[in-house]
2 protein chains.
Amino acid sequence: MTTINDIAKMANVSRTTVSRVLNNNGYVSESARKRVMQVVEETGYIPSVSAKSLRTKRSGVIGVILPKISTETASRVVGGINEVVSKEGFQILLTDTELHHEKEIEYIRLLQSRHVDGIILLATNVNDPLLHAIEEAKLPFISLGQELPGVTSIVYDDYHAAVDMTTMILQKGHKKIAYIGVGEEDPAVGVLRKKGFMDTMKKAGITVEENWCSYGDFSIESGYESMKQIINSNRENSPTAVFVVTDRMAIGAMEYLKEQGFRIPEDMAITGIGAAVMSKYITPSLTTIDYFNKDAGSKAAELLLEQLQGKNTRKKITQNYRLIKRDSV
Amino acid sequence: MTTINDIAKMANVSRTTVSRVLNNNGYVSESARKRVMQVVEETGYIPSVSAKSLRTKRSGVIGVILPKISTETASRVVGGINEVVSKEGFQILLTDTELHHEKEIEYIRLLQSRHVDGIILLATNVNDPLLHAIEEAKLPFISLGQELPGVTSIVYDDYHAAVDMTTMILQKGHKKIAYIGVGEEDPAVGVLRKKGFMDTMKKAGITVEENWCSYGDFSIESGYESMKQIINSNRENSPTAVFVVTDRMAIGAMEYLKEQGFRIPEDMAITGIGAAVMSKYITPSLTTIDYFNKDAGSKAAELLLEQLQGKNTRKKITQNYRLIKRDSV
DNA sequence: CTGAAAGCGCTTACAG
DNA sequence: CTGAAAGCGCTTACAG
């Protein structure tokens, strides 16, 4: 392999000079620069990032921790992150917890060992060991999707999104509204969205029956099962609408309703959250909320880059959202 | 930062010994090992991968070059890759060409500079500079999706998939079958799938009218436009079915057909390729072909790992596929 | 404008 | 079973 020493010899300069022209810093005479550049061209020399990184303590790599790699949300967010960091010459090191919370901590340490310059975590929960690990890492750090105390966080406005959606359903005249959610380990999706829904119902003077609530695990199938359960346990007093906390689960729920011969929205209105592409093309098209995931990713990357430049602007940013009214309500 | 030297001092051994216990090679007395491990625990010591990689010339990182990061196919493939490499302690460095072919070469060199141990390229085209760059890199290399001469390639069976699908449409009694494809820069999707379709039609003694063919760019919108064009230029002699080379474009096409009041499949049958999740939930559900993208990713990773172990098994592997019959035909 | 030298944190023959 | 020493390929004060 060609190294900086080879280049130096061939260009008849010291490796200090080669380093200077490559990094474009310090004084170098035009003639020296030219000779070096030419040799670099000829040899196709590629500097070793490991050596550079060992020396400078910077790697040009951003670590990203995902709950699940092959997910629409994740890929949008990563797309957004990549768009901004790649412009600055950074690469992304991807890491996938496959929804195992312990792995978040493991990966933080692993990314640390790889000298990443910063980490973006798509958070799905918050717990003390995690916060501790983040603190220990002493690295620029962004949390996306959950508010982590003491960490710059970008959050979706889950509460108000749920409020708006519920209000909209109520305005359509529905009073008997079922709820399909996820577990409360997830403060954003499991707690905040539910609270938005419940608060709004309460304000409207409506009590949500216990057996109008069901819980899934983000999968389409679990939406199907949740819907089934709600329908089956309410033969007498069926709801006329259902608020679902994600598009995928809503799509599963629709699947069940269609199978059972329900007309949507006449017999049962339904809504999702997330603006999956599918939501637009399914029949009927699904009323949902766009969280602008890609923008959130870009925003996260920008904040991280800011931190890298020493602007320690620890803060919480709430993304805005957009309610997309379609045919399912 | 804690380094191996700190650990050595604290454990009262040389750093050679520390290295030995950390990497679990060479003889170390039980007592020395214990002391080292304890200090490592206490300090939370994390070895520097840059230093290690500089020394060993291995980084434990696999570079992946994607045509587009936020795509269902890409994320499935990456999921598959990750599943196998992470088990072996490798990380993935992601890179996104955003469909700019030149960037493939740029990224190969970049990954090289980062001392990745191997590269997996989701190929969308084949050209000489690319082949040259791969050769130059002198790195374990896998091409996925296109056959690259001289490079271990995993390809989908585009030709036979298209043949099977076309045969199936013909068996349903259709004779006037339109075609929506992509450009021929893409040998797999643009050329092979078309050839499978055309050959089968020819064998059935049917000529495909020139204006029954239209071309898009993989996007849903382009499918919509292509369908529109075919319908508009064939008011007199309309096809009764349309073969589309990707699910997304097929979904766009369906959108247009529905808007225009066509009943699917009665007035127009339609098929896709790719088994996007959406294909299952759209109405009517789309007949398509599952390429098992995730398996392809895992397979690619396995082959790469084999190459890393020196088994230089340069070969071409053709993935199998499965025709999924649903309601759109 | 230029270069010699130190040092980043590891691993690995080599010698004992 | 253990350690001293060399060296991986860079960058960066420092001196000129």
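In what follows, chains carry the letters A, B, and so on, assigned in the order in which the sequence lines appear, proteins first and then strands, with residues in each chain numbered from 1. Computed from heavy atoms alone, side chains included, the values below leave out hydrogens, waters and symmetry copies.
- Residue contacts for B:Val49: at a heavy-atom cut-off of 4.0 Å it reaches no nucleic acid atom on any strand shown.
- Between A:Gln319 and A:Asn293, the side chains place no donor N or O within less than 3.5 Å of an acceptor N or O (distance only, hydrogens not considered).
- Between D:dG16 and D:dT12, the two C1' atoms lie 16 Å apart (nearest whole Å).
- Considering only residues two or more places apart in sequence or on other chains, A:Lys299 meets the side-chain hydrogen bond (donor to acceptor under 3.5 Å, both in side chains) condition with none of them.
- Helical stems involving DNA chain C, defined as 3 or more consecutive Watson-Crick or G-U pairs under 3.5 Å, span C:1-3 with D:14-16, C:5-12 with D:5-12, C:14-16 with D:1-3.
- No donor-acceptor distance shorter than 3.5 angstrom exists from the side chain of B:Asn23 to the backbone of B:Asn25, with no hydrogens or angles considered.
- Nucleotides of DNA chain D nearest to B:Arg15 and B:His115 differ in position, and the one nearer the 5' end is that of B:Arg15.
- Near DNA chain D, defined here as any heavy-atom distance below 4.0 Å, the residues from residues 50-57 of chain B are B:Leu54, B:Arg55, B:Lys57, listed numerically.
- For A:Thr3, the side chain to side chain contact (heavy atoms under 4.5 Å, CB included) partners two or more places apart in sequence, or in a different chain, are A:Asn5, A:Asp6.
- In terms of the salt bridge (charged side-chain N to carboxylate O under 4.0 Å, His left out) criterion, residue partners of B:Asp158 (sequence neighbours excluded) are, by chain and number, B:Arg193.
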When the side chains of residues 126-139 of chain A are checked against the rest of the protein, which donor-acceptor pairs come out under 3.5 Å, sequence neighbours left out?
from     : atom 1 : to       : atom 2 : distance (Å)
A:Asn127 : OD1    : A:Leu130 : N      : 2.9
A:Asn127 : ND2    : A:Asn125 : OD1    : 2.7

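- First and last contacting nucleotides of DNA chain D toward chain B (any atom under 4.0 angstrom from a heavy atom, 5' to 3' order): D:dC1 to D:dG9.
- Across all strands, A:Thr16 comes closer than 4.0 Å to base atoms (heavy-atom distances).
- Applying the side chain to side chain contact (heavy atoms under 4.5 Å, CB included) test to A:Asn24 and every residue at least two apart in sequence or in another chain returns A:Arg33.
- Ranked by how close their nearest DNA chain C nucleotide is to the 5' end, B:Ser19 and A:Ser29 are led by A:Ser29.
- Of the two residues contacting DNA chain D, namely B:Val13 and A:Asn5, the nearest-nucleotide position lying further toward the 5' end is that of B:Val13.
- Partners of A:Ser48 according to the side chain to side chain contact (heavy atoms under 4.5 Å, CB included) rule, which considers only residues two or more places apart in sequence or in another chain, are A:Ser50, A:Ala51, B:Leu54, B:His115.
- In this structure, the side chain to side chain contact (heavy atoms under 4.5 Å, CB included) partners of A:Ser14, at least two apart in sequence or on a different chain, are A:Thr16, A:Thr17.
- When each of A:Arg35 and B:Val18 is assigned the nucleotide of DNA chain C with its nearest heavy atom, A:Arg35 is the one assigned upstream, toward the 5' end.
- Pairs passing the salt bridge (Lys or Arg N to Asp or Glu O under 4.0 Å) check and including a residue from residues 51-80 of chain A, sequence neighbours excluded, read A:Glu72-A:Arg76.
- When heavy atoms are screened at a 4.0 angstrom cut-off, B:Asn23 is found touching the sugar-phosphate backbone but no base atom.
- Annotation: ring-ring contact (aromatic ring centres under 6.0 Å, His included) contacts of A:Tyr156 (sequence neighbours excluded): A:Tyr291.
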